[in-house]
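Below is one structure; the comments refer to it alone.
Chain identifiers are assigned alphabetically (A, B, ...) following the order of the sequence lines, protein sequences preceding nucleic acid strands; residue numbering begins at 1 within each chain.
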Amino acid sequence: MEGGSIIAMLIGLAIIWGGLAYTINLAIRTGRDRKRDAGR
Amino acid sequence: MAEAQGQAQERRLDQFNRVGFILAAVGSAIGLGNIWRFPYVAYSNGGGAFLIPYVFALITAGLPLLIMEVTIGHRFRGAAPLAFARASRKVEWISWWQIAISFVISVYYCVVIAWAMAYSVFAVGLQWGSDTEAFLLGDFLRANVDPGTIGSLVPSVLVPLVIVWALTLGILFAGVKRGLELAARVFIPTLMVLFFAIVIRGITLPGATEGLNALFRPDFSGLADPNVWVQAYAQIFFSLSVGFGIMSTFGSYLPRGSDLNNSSAIAAFSNTSFEVIAGIGVFSCLGFLATQQNIPINQVAEEGTTLAFVIFPQIINTFPGMNSLLGLLFFASLVVAGLSSHISIVETYVAGLQAKAGWSRRQSVAICGGFAAVVSLVFTTQGGLYFLDVSDYFINSFGLVMAGLAEAVAFAWFLRRLDDLRTYSNPMSDFTVGQGWKAAITFVTPPMLAVIIGTTLWTTLQQGYGGYPNLLLGIGWGVLGASLVAGLAFGAKSWAEGRLDMPEDTGTAREATT
């Protein structure tokens with residue numbers, strides 16, 4: 001593949017998949033916090 | 001009043017949990033357009049550089065609208081028209097307009113799923129032969145009639161269509177938890193497995209890099225072209241299932257205190273993640289076909305039904321091995337992606353009419369689904385392809401975008417309810433939305449949607465569409481006008497006494513979080 005295409009593909013995937021990973025991680029983290037708070 | 005309380009009781013017992021909601025929203029958003037529209041739009045609008053306006057449009061329009069719709073459904077605790085009516089009777093017609101649009105889309109979308117189902121069978125033994133276009137139009141659809149002519153029913157389309165409706169209505173009959181949520185829990189993982197198998201095979205084919213270069217080669221000059229930005233906003237808008245009334249309806253099925261903002265974000269990012277992966281799979285296969293036929297990729301790069309039912313059978317014919325299996329995987333993934341969206345589209349008018357007419361869920365599924373199934377027969381005739389194409393163009397390009405624009409303007413400018421909505425959703429969500437979210441819906445989304453409508457209208461008035469005769473274009477405009485009239489008519493009809501009262505399980509944002 002051409003260098004420009006590889007860079008564009010990787011940046012695009014990193015932003016979009018990074019966004020997905022961030023939001024899922026946030027949901028897991030806050031879910032855990034809520035369970036912990038509810039247990040107190 | 002007792003009837004309204006009964007519906008509220010039924011609603012409390014039959015709800016999504018968070019994962020179920022996200023999967024159902026993802027299932028609704030991921031449809032045929034992710035597979036056959038996004039790759040071509042990206043390729044023809046700057047390649048890799050298109051990802052910049054695309055992500056920008058996601059953040060500034062798609063996600064804000066999605067959060068708004070989900071919050072409306074949850075805040076006002078009802079199917080889309082009931083939620084809109086509770087917000088203000090003056091804007092209820094917009095929701096009915098969206099529901100009329102959903103009805104039109106559902107009656108032809110199911111036919112395309114039926115085609116994909118038939119092609120899953122044809123893939124075994126590559127029954128489409130070497131001239132795939134002649135097979136589609138002649139042998140399969142028998143579309144040898146003039147555009148605008150109905151012709152006779154085509155049994156090879158009718159039989160899978162009956163199966164599609166049986167599956168859709170069967171799932172809707174089962175309700176929210178055991179129908180919509182269970183279907184999403186089965187369909188989404190299945191779709192991921194099927195499509196990832198295709199992508200992995202695609203990128204290992206000879207010539208795949210040619211396709212990926214064509215898809216991702218960045219043309220930054222395109223960023224100066226306003227049309228590229230318009231295409232990015234249009235793609236995000238069509239892709240996220242906003243403007244249908246689906247997300248408000250789904251939002252109403254979330255229990256009180258549920259996160260709204262982050263669940264919407266997860267659904268939006270899942271949709272775009274799948275879309276980009278689909279682009280990689282599709283263009284790997286197109287690069288392979290172009291290399292095998294020794295032609296430039298622009299001669300095989302297509303979108304829509306041509307890509308799925310003409311070009312992909314050619315690709316499958318050319319695969320070095322396991323042709324039938326890969327054909328089956330591809331068309332099965334189209335069926336799964338299409339079905340999960342179709343179910344959610346039908347759900348909008350099933351839930352909407354259930355609320356307004358006071359029917360039970362099963363009554364509503366039977367009446368609405370039965371009526372829609374009968375209307376969809378028009379698209380299984382010999383002339384069905386042309387009716388489908390023209391209905392899709394007018395209802396998608398104009399109806400959906402106009403109703404989305406009306407919705408954004410109504411809540412941001414006319415009712416000024418955005419602060420109320422974010423004050424409601426923020427305390428129970430993983431992240432909060434602020435003035436930026438409000439500005440996106442107030443100042444970014446409406447002008448972009450207006451520009452999309454304006455450019456499409458200008459092109460259509462100048463050039464018509466598809467070279468079709470005026471009669472067929474008139475039908476397209478007629479379908480568009482009828483959806484608006486239906487919206488106004490249903491919106492004008494009054495609700496049974498007490499139906500607009502908020503049910504007991506609803507409260508203010510503060511109550512919802514405690």
Distance-only donor-acceptor hits, side chain of residues 205-213 of chain B, under 3.5 Å, sequence neighbours excluded:
{"residue": "B:Asn213", "atom": "OD1", "partner": "A:Glu2", "partner atom": "N", "Å": "2.9"}
{"residue": "B:Asn213", "atom": "OD1", "partner": "A:Ser5", "partner atom": "OG", "Å": "3.2"}
{"residue": "B:Asn213", "atom": "ND2", "partner": "B:Thr209", "partner atom": "O", "Å": "3.3"}

Between side-chain atoms of residues 11-25 of chain A and protein atoms elsewhere (two or more places apart, or another chain), which donor-acceptor pairs fall under 3.5 Å?
{"residue": "A:Thr23", "atom": "OG1", "partner": "A:Gly19", "partner atom": "O", "Å": "3.0"}
{"residue": "A:Thr23", "atom": "OG1", "partner": "A:Leu20", "partner atom": "O", "Å": "2.9"}

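Among B:Leu58, B:Val55, B:Asp259, B:Ile266, the residue with the largest count of heavy-atom pairs under 4.5 Å with chain A is B:Ile266.
With A:Met9 as reference, B:Ile280 is the one residue of B:Leu51, B:Leu215, B:Ile280 to meet the side-chain contact (heavy atoms from CB on, under 4.5 Å) rule.
For B:Ser263, no part lies near chain A; criterion is any non-hydrogen pair under 4.5 Å.
With sequence neighbours excluded, the residues forming a ring pair (Phe, Tyr, Trp, His ring centres under 6.0 Å) with B:Phe288 are B:Phe319, listed by chain and number.
Under a cut-off of 6.0 angstrom, the local environment of CZ in B:Phe431 is crowded, with over 12 non-hydrogen atoms contributed by other residues, nucleotides or ligands.
Nearest heavy atoms, B:Gly48 versus A:Ala8: CA-CB, 3.8 Å.
Below 4.5 Å, heavy atoms of chain A meet heavy atoms from B:Ser270, B:Thr272, B:Ser273, B:Val276, B:Ile277, all part of residues 270-277 of chain B.
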